[in-house]
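The structure appears right after this line, and notes come after that.
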Amino acid sequence: MSAPDTNVEREEKLHKPALLGIRGVVVAVLLMFAVFLLWVFNKGGEQDVVETPQAAAEVQATIADN
């Protein structure tokens, strides 16, 4: 049940700081999510090459054979 004597305009004024805070947090989270997605898709094509001594020796042997 709702209160029969609710003044919507007064309640809106009283809750304005909380509502602005909630909107601010939502905007901040959406901005961080967008930056995260840009970072992930930007790093998606890069691959780190880890070269072991055995792999380097095999490459050098292949080059020497040709």
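The figures here come from the full heavy-atom set of this structure, side chains too, leaving out hydrogens, waters and symmetry mates. The first residue in the sequence is number 1, and the count goes up from there.
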So if you build clusters from Ile, Leu, Val, Met, Phe, Trp, Tyr with side-chain heavy-atom gaps below 4.5 Å, do Phe41 and Phe33 land together?
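Yes.
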Criterion side chain to side chain contact (heavy atoms under 4.5 Å, CB included) against Val29, the qualifying member of Val27, Val26, Leu31, Val25
Val25
Nearest-0.5 Å distance, NZ of residue Lys16 to NZ of residue Lys13
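One finds 9.0 Å between NZ of Lys16 and NZ of Lys13.
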Take atom CD in Glu11; do more than 12 heavy atoms of anything else shown fall under 6.0 Å from it?
yes
